[in-house]
Amino acid sequence: MRDSRPPDTHENETSTTHVEPVPGQPAALADLGTERALLVADYHAGYEAGLRYERGVDVPSHAPERRERLYSLIEHTNPDRLVVLGDLMHSIGDPGGAERAELEVLFESEPLRSLDVTIVKGNHDGAIETWLEPADGAAPSAGPPAGSVTVVSGDGIALGPDGSESTTTGTVGVCHGHTWPSRAVLGSSVVCLGHEHPCVRLEDEVGGSRVERVWLRGRLDPAPFCDHFGATLPWLADDATAEPPQIIVLPAFNELVGGTWVNLPEQSFLSPFLPDGLADGEAYLLDGTRLGSYESV
């Protein structure tokens with residue numbers, strides 16, 4: 001059964017956490033009480049250059065379009081902070097050439113220049129902190145925005161209800177998804193991640209098909225996390241009465257990158273805790289259409 005309700009996390013009316021998608025866009029807004037954060041994942045700057053180098057495929061650069069889409073999102077949503085859930089860049093090592101140029105223009109232009117930015121390191125982000133973050137008060141080596149830039153580990157952090165970043169407590173946990181989340185992330189009421197680039201293949205009545213980016217939403221299944229972490233969190237205890245966190249897997253911001261076709265049984269997931277760690281997972285299109293269980297779409 002399909003409907004057009006957005007993948008909102010407001011199932012518990014007593015919760016102060018509110019994470020919802022921006023309609024029609026691969027981005028979400030997190031209401032943290034005193035601060036609103038715009039969440040995007042898998043920007044993959046320099047992807048076209050990577051295709052030429054890695055596969056010999058010549059694709060025109062979509063860097064201007066990517067940049068304008070992000071700027072338009074920022075202007076439309078007016079967040080206090082931008083949070084990138086990993087893979088801001090595409091190359092595994094240090095950025096160079098077209099990729100570095102794309103990122104420098106991205107950060108040096110308004111409206112991003114004056115915005116606070118938190119970057120969760122993805123498996124493609126190399127040593128991005130060495131040229132985006134200042135070291136010991138010195139100027140960064142390339143193209144910093146005027147707002148603050150913080151680069152954190154890929155296992156993530158918790159964003160507190162007052163909008164502050166925390167390594168121990170928080171309401172919204174953010175990580176990339178290529179490694180197990182930190183305990184701080186798992187102690188949050190909502191866990192947001194990228195990495196997977198979730199998609200579904202939809203077929204019509206005459207055999208035609210198309211691939212659409214989707215959101216995945218459900219609750220964390222305790223079983224794989226208990227095996228990995230033990231009973232170190234209230235919802236992992238044998239006699240747990242606390243509910244596991246909700247989980248939201250964001251679609252890739254970069255519309256050219258491939259992804260995991262989550263509704264094909266033979267498709268393997270990329271994250272070490274998916275799909276086993278996703279209970280009652282549902283898929284939603286970017287326009288908010290609810291597709292139901294991602295496995296049966």
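Position 1 is the first residue of the sequence, and the numbers go up from there.
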Can you give each donor-acceptor pair under 3.5 Å made by side-chain atoms of residues 269-281, sequence neighbours left out, with the distance rounded to 0.1 Å?
{"residue": "Ser271", "atom": "OG", "partner": "Gly177", "partner atom": "O", "Å": "2.9"}
{"residue": "Ser271", "atom": "OG", "partner": "Phe273", "partner atom": "N", "Å": "3.4"}

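If you take CG on Leu88 and NE2 on His124, they are separated by 12.0 Å, rounding to the nearest 0.5 Å. Remark: Asp31 CG to His18 NE2 distance equals 7.0 Å, nearest 0.5 Å. Between the NE2 atom in His44 and the CG atom in Asp125 there is a gap of 8.5 Å [rounded to 0.5 Å]. Separation of atoms OG (Ser188) and CZ (Arg183) is listed at 14.0 Å; rounding is to 0.5 Å. In this structure, OG on Ser296 lies 10.0 Å from OH on Tyr294, to the nearest 0.5 angstrom. Taken from CG in Leu250 to CZ in Arg213, the straight-line distance is 11.0 Å, to the nearest 0.5 Å.
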Check the pair Leu159, Thr171 against side chain to side chain contact (heavy atoms under 4.5 Å, CB included), reporting the backbone distance first and the verdict last.
CA-CA 6 Å; Leu159 299 177; Thr171 307; over 6 Å; no
Side chain to side chain contact (heavy atoms under 4.5 Å, CB included) between Ile119 and Val149, worked out:
CA-CA 8 Å; Ile119 300 168; Val149 179; 4.3 Å; yes
So Leu186 and Thr232, side chain to side chain contact (heavy atoms under 4.5 Å, CB included) or not? Walk me through it.
CA-CA 10 Å; Leu186 295 177; Thr232 56; over 6 Å; no
CA sep, side-chain torsions, deciding dist, call: Ile157, Thr118, side chain to side chain contact (heavy atoms under 4.5 Å, CB included)
CA-CA 10 Å; Ile157 60 171; Thr118 298; 4.2 Å; yes
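Both Leu29 and Leu112 are part of a single hydrophobic cluster, where members link through side-chain heavy atoms under 4.5 Å apart. Linking ILVMFWY side-chain heavy atoms closer than 4.5 Å, directly or via other members, places Trp261 and Leu285 in two distinct hydrophobic clusters. One hydrophobic cluster holds both Leu202 and Leu216 under the rule that ILVMFWY side chains link at heavy-atom gaps under 4.5 Å.
For the pair Leu82/Val40, a side-chain contact is recorded, criterion being any heavy-atom separation below 4.5 Å from C-beta on. Inter-residue side-chain proximity for Arg66 and Glu102 is flagged as met; some heavy-atom pair is nearer than 4.5 Å. A 4.5 Å side-chain heavy-atom check between Ile74 and Pro79 finds at least one atom pair inside the cut-off. Using a 4.5 Å cut-off on side-chain heavy atoms (C-beta onward), Val22 and Leu73 make contact. Annotation: side chain of Cys192 is in contact with side chain of Val19 (closest heavy-atom distance under 4.5 Å). At a threshold of 4.5 Å between non-hydrogen side-chain atoms, the residues Pro251 and Trp215 count as touching.
A side-chain hydrogen bond (donor to acceptor under 3.5 Å, both in side chains) with Thr260 holds for exactly one of His195, Glu196, Gln267; it is Glu196. With Tyr43 as reference, Arg67 is the one residue of Arg67, Arg69, Met89 to meet the side chain to side chain contact (heavy atoms under 4.5 Å, CB included) rule.
The backbone N or O of Gly258 sits less than 3.5 Å from a side-chain atom of His197, completing a donor-acceptor pair. Glu48 places a side-chain N or O within donor-acceptor distance of the main-chain N or O of His62, the cut-off being under 3.5 Å. Remark: side-chain polar atoms of Asp155 are not paired, donor with acceptor, to backbone N or O of Trp180 under 3.5 angstrom.
Closest heavy-atom contact between Pro244 and Leu220: CB-O, 3.1 Å. Of all non-hydrogen atoms in Pro245 and Val191, the two that sit nearest each other are CB-CG2, 3.9 Å. The minimum heavy-atom distance linking Tyr71 with Leu106 is given by the pair OH-O, 2.7 Å. Here the closest non-hydrogen pair linking Gly154 and His178 is CA-CE1, 4.0 Å. Contact between Ser153 and Val120 at its shortest, heavy atoms only, is O-CG1, 3.5 Å. Here the closest heavy-atom approach between residue Asn123 and residue His176 is recorded as OD1-NE2, 3.0 Å.
Listed by chain and residue number, Tyr284, Arg290 satisfy the side-chain hydrogen bond (donor to acceptor under 3.5 Å, both in side chains) test with Glu282 (two or more places apart in sequence, or in another chain).
A parallel orientation is assigned to the rings of Phe225 and Phe229, their planes being inclined by less than 30° (bins at 30° and 60°).
At a cut-off of 3.5 Å, with distance as the only test, a side-chain donor of Asp116 or Ser148 sits close to an acceptor on the other residue.
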